Amino acid sequence: PFIEIHQANATLLKQIDALKTKCNELERELVIEQEHHPADSTSNGGRGAVPQSLSLKQETKLREKLEKLQEELNEKLKQSAEEQSNILELTKEISSLKDLNVAQASTITNLKAENERKEKAIDHMTNELADAKSRTKLAEQQYTGLKNMIRVLQEENDTLKKENEQFSTRLVSEKEKMIDEMNKLTEMVDKYKREVDLLHSLKEQDDKRKSWFTLGSKGGQKEETDDKGDGESRKFGSVSVVVPSKPMHTIQAHQGEASCVQYDASGTDLVATGGADSIVQVWDTANGQLRQTLRGGSSNAILSCGISNGVVVAGGSDKTCRVWNLRTGRMIHHLVGHAHKITCVKLFGSEKGVITGSADRSLKVWDISRQTYKQTTTLRHSSTANCVDVSPDLFTAVTAHLDGGVRLFNLQTGERLSDISGIHQGAVTSVQFHPKDASKILTNGMDSTLKIVDIRTCAPIHTFSDVQFQTSYGWASASFSPNGMFVGAGSATGMVLVWDADTGTLRKKLSNHQSCVCGFAWGRGGFSGQQVASVDKTGVLTLWS
């Protein structure tokens, strides 16, 4: 766009030069003309007046023409000056535009370099995106493979679960059949043992009868009558339950007070005792020998214990419950969570669960089936639980309380099912489900009575008492016989009493203890057939024959 301006400027300069040249020529002509005209005027005198006037006119014209040319020259100079100023301005503008162009060229160069970098980055990101897409596709394929594998594993797991359930069901049924067969065999062995004992006694009596025949037939008849009476007293051994008759073993089980005694719930020849000397002792009922000593810590009085299928539990005054492996004697769990002393414990659910009661007015259910125990449920109530038992279906727990109440709980939901009050005058010291009818429970109270209560009507069915039966301990226990036909308990007078559960008749009064009997248990009887045990305040354990 500046070429035309330069050309116009050059043209004007040429015109100015031409005008200057023409003006100079006119000035020279004028000077020459002036030089000629004065000479003529002097030589001609008056004759030259006319030419002089003509020259003056011509001079005037020339002057006018010169002025006009001068004006045009000035105008051209003015235009040239303006154009020069415009050219300067344009030159400045061109310079600034050049600078701007240089800056823009530099910017363009930078932008091109940046663009190249961006393009390289885009290419790199494109490559990474393609790589990511390929990895994503591979991950999707792996995810699909894992889903298929998980589905296959779930199907296999479901199949294994079904097979395990079937196996467990079959195992349980076979175990039940085996237990039934073992019970039948045990009953047969007990029956045969009693028959052999009876035959031996009859033989001895017959020998005595023969040797003392000369003394008269009356004595022999009396002995025969007594022997028959003894034989009749053992007839209910045919249903594997024998009413205790005399001490078989008397053992100093603990150095201090003994507080609890429990038979092995799985039916072996073992019985466990706990006492104020912080130990749990496990005894062989066949020979009265000590099988295992389990220590519960220093200055921890054992208040309640339980044993079943090689597992022993005990709770005491240190607010914790300990679980031992009977075979190794090692503690496998230490259940911590109560705020006060533990007053009662109970193993249930094939030795996979423990329920504990405490003076903090709560019951806690523990899962001990794994290496690490877990507390599953907490049951709240308003009074200390002295005793706890679990129904055969494992759904219901019954507790005996210091306020004289008996409460039933749902172990799965923690819901309180029933609250039975007014059964005893004072605290209820023990409670047990009927072994054959879970709608009935046996309670022992501080009013020195035992009662069988129907939990459906919340009313007592039978009441058992005697002048020599006194309950003076808050943890004094009572028990059904394994078939539910008898009930027994220890007394503060040192007696052990057994009643008929249906008629309320007192069947036995046994005396061997020299102090208050606070623990009583009636087991199923193992291979030895020994079923009844009691402990007293001085730590003495009696195994009754």
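Positions are given from 1 along the sequence. It should be emphasised that the depicted structure is a prediction, and the values quoted were computed from it without experimental measurement. As a basis for the values below, the full set of heavy atoms in this structure was taken, side chains included, without hydrogen atoms, waters or symmetry mates.
Ring-plane geometry between Trp522 and Phe520 is classed as perpendicular, the angle between the planes exceeding 60 degrees on a 0 to 90 degree scale with a lower cut at 30. Taking the six-membered ring where the residue is Trp, Tyr373 and His333 present perpendicular rings, their angle passing 60° and hence far from 30°. By the 30° and 60° cut-offs, the orientation of the rings of Phe480 relative to His434 is tilted.
One finds the CH2 atom of Trp544 at 13.0 Å from the NE2 atom of His249 (value rounded to the nearest 0.5 Å).
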### Message
Val365 vs Phe348, test: side-chain contact (heavy atoms from CB on, under 4.5 Å). Steps then yes/no.
### Response
CA-CA 10 Å; Val365 182; Phe348 69 96; 3.9 Å; yes
### Task
Show your working on side-chain contact (heavy atoms from CB on, under 4.5 Å) between Val498 and Phe464 and close with a plain yes or no.
CA-CA 10 Å; Val498 179; Phe464 309 94; over 6 Å; no
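Between the side chain of Ser304 and the backbone N or O of Val345, at least one donor-acceptor pair lies under 3.5 Å. The backbone N or O of Arg361 lies less than 3.5 Å from no partner atom in the side chain of Arg380, so there is not a single donor-acceptor pair. Ser491 places a side-chain N or O within 3.5 Å of a backbone atom of Gln470 that can act as its donor or acceptor partner. Listed for the Ser317 side chain is a donor-acceptor partner under 3.5 Å among the backbone atoms of Ala301. Under a 3.5 Å cut-off, the side chain of Ser481 and the backbone N or O of Met485 do form a donor-acceptor pair. No donor-acceptor pair closer than 3.5 Å links the side chain of Thr542 to the backbone N or O of Thr250.
No more than 12 heavy atoms of other residues, nucleotides or ligands shown are found within 6.0 angstrom of CD on Gln514.
Here Asp360 does not pair with Lys364 in a salt bridge; the nearest charged N to carboxylate O distance is not below 4.0 Å. Under the 4.0 Å criterion applied to side-chain N and carboxylate O atoms, Glu165 and Lys161 are not assigned as salt-bridge partners.
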